[in-house]
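Positions are given from 1 along the sequence. Here the structure is a predicted model, which is why all the values come from computation and not from measurement. Order of listing sets the numbers, starting from 1, for every ligand and every atom in it.
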Amino acid sequence: MKSSDLMVKALENEGVKYIFGIPGEENLDFLNSLNGSSIKLVLTRHEQAAGFMAATLGRLTGQPGVCLSTLGPGATNLVTAAAYAQLGAMPMVMLTGQKPIKKSKQGRFQIVDVVDLMRPITKYSEQVVDGGNIPAMVRDAFRIAIEERPGAVYIELPEDIADEETDASLFDVVGSRRPDADKLSIDEAVAMIEAARMPLLLIGAGANRKATGHALKEFIDKTGIYFFNTQLGKGVVDERHERFLGTAALSDNDFLHCAIDRADLIINVGHDVIEKPPFLMEKGGKKVIHINFFAAHVDDVYFPQLNVVGDISTSVQRIANKVNFDAAIDFSFFERVKQEVDNRLSKYFEDDRFPMLPQRLVSILRDQLAEEDIVTLDNGVYKIWFARNYKCYQPNTMLLDNALATMGAGLPSAMAAKLLHPDRKVVSVNGDGGFMMNSQELETAVRLNLDLVVIILNDSAYGMIKWKQEGMGFENFGLDYNNPDFVKYAESFGATGHRPESAAEFSATLSESLNSSGVHVIDLPVDYSLNHSILNVLLKEAACIV
Ligand SMILES: Cc1ncc(C[n+]2csc(CCOP(=O)(O)OP(=O)(O)O)c2C)c(N)n1
Ligand SMILES: [Mg+2]
């Protein structure tokens with residue numbers, strides 16, 4: 001068999017259904033082998049978007065998404081997506097071409113050492129030097145990408161190797177069970193929880209990767225312990241739960257930090273330090289139990305006193321079964337904080353000023369979307385408002401990136417979510433800056449016949465950086481730009497463009513767009529005037545009001 005055929009067979013063997021990317025001439029053997037396979041090629045307009053889509057597929061399924069590019073420039077375009085998958089713990093396999101390695105008449109033309117380039121931002125980075133190695137390399141790459149902590153892997157298939165004959169055969173896909181935590185660490189956790197007077201539960205990124213919600217809800221219901229989450233832990237337990245305090249989108253001084261500051265123990269499930277810290281540890285301060293698939297990375301602001309390492313769901317179940325939490329413990333303080341947080345966060349939910357407040361957008365979207373519908377966010381200052389104010393009812397129904405926090409992933413991640421869940425509504429929320437970083441993918445979305453709503457928050461600026469600039473007391477400088485006419489822009493791709501002029505009109509446009517087919521782009525003027533006064537000023541002065 002030709003090696004490129006074997007590569008396709010090896011990917012099929014792993015259950016791959018999509019490959020996202022842009023082939024170059026160095027991939028032509030592979031492309032030909034793909035023709036007629038069960039794998040669907042999703043052609044994109046930029047490799048970065050292909051990588052973001054593959055990573056999102058990995059994030060949502062737990063199985064690696066696969067992306068493809070040519071050598072040199074195509075491969076370097078995958079770098080940001082590799083970092084996105086690696087930091088965000090999303091399993092992803094990247095496959096690129098390369099010039100012939102045995103004999104080439106092209107000098108160094110387009111040649112970059114991609115294997116070395118990818119090494120620090122992947123879990124595995126190797127070149128295929130013999131077609132016979134393909135079955136083992138692919139099997140191992142997939143295993144490594146999936147294993148906790150998941151991430152990106154990279155395989156380079158040079159042109160001459162792809163064309164070689166090989167008689168190698170595939171390996172069966174053999175999974176492995178995640179080990180459970182040692183009994184002693186469970187006992188220690190139980191003892192620490194029983195000794196605590198003001199414990200809180202924190203749900204972080206790792207808890208969103210595997211099904212842990214059921215075990216966590218049982219733990220909360222049994223003990224009555226209040227909980228909060230990180231941005232990547234949103235939705236693991238339904239945020240309408242009576243014990244839910246909120247999402248820690250900031251590291252300190254937010255309303256819910258009033259509760260966190262008072263806690264004497266944080267039972268920290270699935271958190272890892274790639275996220276912006278949800279709270280800051282201090283020496284001699286509150287204690288932390290780290291429950292995750294791996295031990296805590298120690299950091300100046302994170303040094304848990306106990307690691308419970310093993311399958312999260314099993315650890316939480318075992319702790320819940322054993323713990324005898326004092327039923328008489330007084331949770332009234334946390335109860336009061338919860339009331340206050342809920343009141344504060346919903347303050348502008350009905351405010352109809354236009355341009356629209358991000359808080360109002362959050363409430364309109366939450367009203368119009370069903371439990372299982374998905375919102376994806378790009379990176380901008382609205383992410384903070386969504387993380388704090390939008391309540392998720394199910395895991396992975398708000399796809400945001402609190403790890404690499406790159407701009408440009410919002411639209412591709414929405415496209416991947418819709419491909420995977422055609423029965424759910426998907427809304428992509430972007431800043432005007434982030435949207436323009438991968439807006440060319442509107443063409444891909446239209447070509448794929450995706451039903452998608454894309455909202456662009458228009459402030460003609462890199463608003464997030466403006467907000468930080470103001471917070472640091474600097475003058476407004478260097479962050480404004482002009483936008484294209486987004487309605488015409490959308491139409492030129494075959495999408496439908498909308499430009500509402502009031503909150504009521506936006507609400508009606510959104511509803512219409514959600515209930516009709518095709519790609520809808522809504523250019524929404526946004527009012528960011530409260531970013532500074534609430535997030536920089538009010539929170540510092542008056543976050544703790546209970
Ligand atoms: C690729 C990339 N470049 C730069 C940044 C730094 N950055 C973070 S948010 C932001 C501005 C985002 O602007 P926009 O998308 O318009 O959102 P807004 O905050 O204005 O709503 C910038 C430049 C980043 N996170 N990623
Ligand atoms: Mg902007």
Engineer: Can you tell me how far apart OG1 (Thr397) and CG (Leu369) are? Round to the nearest 0.5 Å.
Structural biologist: 9.5 Å
Engineer: For ligand 1, which is the ligand I care about here, please tell me if Gly433 has any N or O atom under 3.5 Å from one of the ligand's N or O atoms.
Structural biologist: yes
Engineer: Are the aromatic ring centres of His290 and His271 under 6.0 angstrom apart?
Structural biologist: no
Engineer: Under 3.5 Å between some N or O of ligand 1 and some N or O of Leu457?
Structural biologist: no
Engineer: To which protein heavy atom is atom 10 (C) of ligand 1 closest, and what is the distance rounded to 0.1 Å?
Structural biologist: Met407 SD, 3.6 Å
Engineer: Quick one: does Asp378's side chain have a donor or acceptor within less than 3.5 Å of a partner on Phe435's backbone?
Structural biologist: no
Engineer: Might you work through the ring pair (Phe, Tyr, Trp, His ring centres under 6.0 Å) test for Phe20 and Phe52, ending with a clear yes or no?
Structural biologist: CA-CA 9 Å; Phe20 305 92; Phe52 289 150; over 10 Å; no
Engineer: Show me which atoms of ligand 1 lie under 4.0 Å from any heavy atom of Gly434.
Structural biologist: 14 (P), 15 (O)
Engineer: Only heavy atoms of Gly463, strictly under 4.0 Å: list the atoms of ligand 1 that pass.
Structural biologist: 13 (O), 18 (P), 19 (O), 20 (O)
Engineer: Tell me which one of Asn531, Val429, Leu457 satisfies side chain to side chain contact (heavy atoms under 4.5 Å, CB included) with Trp385.
Structural biologist: Asn531
Engineer: How are the rings of Phe244 and Phe227 set to each other: parallel, tilted or perpendicular (split at 30° and 60°)?
Structural biologist: tilted
Engineer: Answer yes when Asp523 and Arg499 have at least one side-chain N-carboxylate O distance shorter than 4.0 Å, and no when they do not.
Structural biologist: yes
Engineer: More than 12 heavy atoms of other residues, nucleotides or ligands under 6.0 Å from CZ of Arg447: is that the case?
Structural biologist: yes
Engineer: Taking only heavy atoms of Tyr382 into account, list the atoms of ligand 1 that are under 4.0 Å away from them.
Structural biologist: 17 (O), 21 (O)
Engineer: Would you check whether Asp459 has a nitrogen or oxygen atom less than 3.5 angstrom from a nitrogen or oxygen atom of ligand 1?
Structural biologist: yes
Engineer: Give yes if a backbone or side-chain nitrogen or oxygen of Met437 is under 3.5 Å from a nitrogen or oxygen of ligand 1, and no if not.
Structural biologist: no
Engineer: Looking only at heavy atoms, is any part of Ile465 under 4.0 Å from ligand 1, and if so is it the side chain, the backbone, or both, or is it neither?
Structural biologist: side chain
Engineer: So is Asp432 polar-close to ligand 1, meaning N/O to N/O under 3.5 Å?
Structural biologist: yes
Engineer: For ligand 1, which atoms sit closer than 4.0 Å to a heavy atom of Tyr481?
Structural biologist: 16 (O)
Engineer: For ligand 1, which atoms have a heavy atom of Ala405 less than 4.0 angstrom away?
Structural biologist: 24 (C), 25 (N)
Engineer: Quick one: which ligand 1 atoms are inside 4.0 Å of a heavy atom on Thr406?
Structural biologist: 1 (C), 26 (N)
Engineer: What class does the angle between the rings of Tyr382 and Phe386 fall in, given that below 30° is parallel, 30 to 60° is tilted and above 60° is perpendicular?
Structural biologist: perpendicular
Engineer: If you measure from the Lys or Arg side-chain nitrogens to the Asp or Glu carboxylate oxygens, is any gap between Glu239 and Arg366 under 4.0 Å?
Structural biologist: no
Engineer: So if I apply the side chain to side chain contact (heavy atoms under 4.5 Å, CB included) rule between Lys234 and each of Asn229, Asn402, Leu399, Asn396, which one comes out positive?
Structural biologist: Asn229
Engineer: Give the numbers and elements of all ligand 1 atoms closer than 4.0 Å to a heavy atom of Asn379.
Structural biologist: 9 (S), 12 (C), 15 (O)
Engineer: Salt bridge (charged side-chain N to carboxylate O under 4.0 Å, His left out) with Lys418: which residues, sequence neighbours excluded?
Structural biologist: none
Engineer: Run the salt-bridge test on Glu147 and Lys123 with the 4.0 Å N-O cut-off and return the result as yes or no.
Structural biologist: no
Engineer: Pull up every protein N/O/S atom sitting under 2.8 Å from the Mg ion (ligand 2), skipping waters.
Structural biologist: Asp432 OD1, Asp459 OD1, Ala461 O
Engineer: Examine the proximity of ligand 1 to Tyr528 and report which part, side chain or backbone, both or neither, has a heavy atom under 4.0 Å away.
Structural biologist: side chain
